[in-house]
Number of protein chains: 2
Amino acid sequence: MLKVSRKKQKAETRQKIMDATAAELASGRSFDTLSLREVAKLAGIAPTSFYRHFHDMGSLGLALIEQHGETLLTLMHHVREQASGRHSLIRTSVETLFDYNFANQGMSRMILLESMSRQSIFREAAQTMFTTMSRDLAEFLVWDAKKRGVPLGHPQLAANSMVAILFTTGIALLNTSAEDRSRHVEAAIVQLRMIMRGAEAMGQEARNHDPV
Amino acid sequence: MLKVSRKKQKAETRQKIMDATAAELASGRSFDTLSLREVAKLAGIAPTSFYRHFHDMGSLGLALIEQHGETLLTLMHHVREQASGRHSLIRTSVETLFDYNFANQGMSRMILLESMSRQSIFREAAQTMFTTMSRDLAEFLVWDAKKRGVPLGHPQLAANSMVAILFTTGIALLNTSAEDRSRHVEAAIVQLRMIMRGAEAMGQEARNHDPV
DNA sequence: AATTTCAGCGTACAATTGTACGCACAACTG
DNA sequence: CAGTTGTGCGTACAATTGTACGCTGAAATT
C-alpha cells in the first residue's frame, strides 16, 4: 500500500495537533490561554477540522498528559534497570529526569501547573501521574535499602519529598541560564541525599526504640 | 471629615478590585483566563473605570503578588518570635502557614503557579518572594542549630527543600477533603523533620571529616 | 464663588472566540 | 464499479474581548 490509509492519515493529523500544541506550550504559553482556533492554525488545519480529532480543548489536554506520563514512567524504569549496581543511582536518575524535562519543557510545566490548579479537568490526571511516580520510587527505595541492609524510616514520605524536589527544581531549571544549570543540578542531588540521610536516621531511631 | 475624600475613595475602589480578583482566584479560576471586563463586573465598576486604577491586568497581578508576599513574610516572623522557646517550632510554623494558605487560597495558588510559568511577567515577582522566604528560613535554621549546639550541613539547601515541601503540600491541601487534611499536615511535619535529620547527619559527617 | 481636576460611566468598534451547517472529494465497502 | 463513509474546508453568527473617546458631576483648588 503506497496510498496512505485513512486511519494512518487521521492518526498523523492527530499527532500533528498534539505536537503543535506541545511546541507552543514549550515556548511559554499556558494551556488555557490557547484557543482552539490557534491550535488549528498551528497544526495547519481548518478550525472546524479540529473536531474530527478532539471533542474540545479539554480532551486534547488530557491526551497530552496521558501520553507524557506513560513515556516518563517507562523511562525511569529503564534507567533503574540499567543503572542498578552502579555507584550513583541518584545522580543518573536525576540527570535523566532533568534531561527529559528539558526536552519536553512545555508538557512538564503544564503537568506540574495543572496538578495544582483547582477546578481544572486536568488536575486528577496530573496528580495520578504524580502519585504513581512517588509510589514507584518508594517501592524502589525500600528494595534498595533492604539490599544495603539499612533500615529506612517513612519511605513513602521520603519519596514524596524527593518527587516534590525533583519536579520543582526540574521546572526551575527551565528558567535558568545554561551556566547556572549544573550548579542547580548538584544542589538537587545534595538535597535528595539529605533526605536519604534523614530517612536512614529515622529508621535507625525506630530500630533503637523498638528493637527486633 | 464626614465626606469621603477623593484619595480615600480611590483607594477603596482599588482594593475592591483586588479583593474581587482574589475571591475569583480562590474559587478556582486561573489568573490568565480572567478578563479585564470580568474583573470590572465583579468589582462593580464599568470596564473602562478599571484603567483609573491599573494600567492593565498585568499591573493588577503584580500588585496582588506584592501585597500577598509582604503579609506572609511578616506573619512568619511573628510566629517565630512568639513561638521561640516552645518545644515544636516546626509544627506551629507549618500550621500557621497552612492556615494562611487556606484563608488566601487564590493568591497562594497563583503565586506558586506563576513562579513556574515561563514568559509570565509575574514569574520574577513570585520567585523573589520564594527565595526571600527560603533565605529567611535558612538564616533562622542556622541560628537555631547554633543555639542547640548541633552542626548543620547545607542549611540553605535544607531550607530550599523545606520551602518546596511547604508550598507543594500547602497547595495540595487545598484540594483535599477536610478529614484527610490533618493527616497530610502530619505527613508534612514528618517530612520537614526528616530533612532536619538529614542536615544534622551531614553536619556531623563534615565535622568528623574536617575536625576543628 | 469660580475654576480645575478626575473617578466613573456609556457608547462604539475591530478582533477573536467557539461552533453550527453544508459541501467536496478521496478512501473505503460491498 | 456503484455506494457509503468520513476527513477537511469555507462560510456564518452570536459572544466576548481590550480599549478609544467624550461626557458628567462632585471633590479639590484657586
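Letters go in sequence order (proteins before strands), and every chain restarts at 1. Please read these numbers as outputs of a predicted model, since none were measured by experiment.
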(message) Students often mix this up, so state it plainly: with edges at 30° and 60°, are the rings of B:Phe31 and B:Phe122 parallel, tilted or perpendicular?
(response) perpendicular
(message) Just the rounded figure in Å: distance from P of C:dT19 to CD of A:Glu38.
(response) 16 Å
(message) Tell me whether the side-chain N/O atoms of B:Thr13 come closer than 4.0 Å to OP1 or OP2 in C:dG8.
(response) yes
(message) What is the distance, to the nearest angstrom, from the NZ atom on B:Lys16 to the P atom on C:dG8?
(response) 8 Å
(request) Over all heavy atoms of both residues, which pair between A:Ile65 and A:Ala125 is shortest? Give the atoms and the distance, please. (result) CG2-CB, 4.1 Å
(request) Measure from CZ on B:Arg14 to C1' on C:dA7 and round the result to the nearest Å. (result) 14 Å
(message) Please report whether the ring centroid of B:Tyr100 lies less than 6.0 Å from that of B:His68.
(response) yes
(request) Send over the distance from B:Arg52 CZ to D:dT24 C1', rounded to a whole Å. (result) 12 Å
(request) Please evaluate the base of C:dT19 for a donor-acceptor partner in the side chain of A:Arg37 within a cut-off of under 3.5 Å? (result) yes
(request) Would you mind reading off the distance between A:Lys10 atom NZ and D:dC9 atom P, rounded to a whole angstrom? (result) 14 Å
(request) Round to the nearest Å and state the distance from A:Leu36 atom CG to C:dA20 atom P. (result) 11 Å
(message) Whole angstroms only, please: what is the NZ-C1' distance between A:Lys41 and D:dG10?
(response) 14 Å
(request) For A:Lys7 and D:dG6, give me the distance from atom NZ to atom P, rounded to whole Å. (result) 11 Å
(request) State which of C:dG8, D:dG18, D:dT7 makes the closest approach to the side chain of B:Ser35. (result) D:dG18
(request) Please assess A:Arg123 against A:Glu114 for the test salt bridge (Lys or Arg N to Asp or Glu O under 4.0 Å), listing each intermediate value before the final yes or no. (result) CA-CA 5 Å; A:Arg123 208 199 61 191; A:Glu114 294 299 340; over 6 Å; no
(message) Between C:dG10 and B:Thr48, counting only base atoms on the nucleotide and side-chain atoms on the residue, is there a donor-acceptor pair under 3.5 Å?
(response) yes
(message) Can you tell whether the side chains of B:Arg197 and A:Glu200 come within less than 4.0 Å, N to carboxylate O?
(response) no
(message) Is there a side-chain contact between B:Ser49 and the phosphate of C:dC9, meaning an N or O under 4.0 Å from OP1 or OP2?
(response) yes
(message) Counting distance alone, no hydrogens or angles: does the base of D:dT29 have a donor or acceptor under 3.5 Å from a partner atom on the side chain of B:Arg6?
(response) no
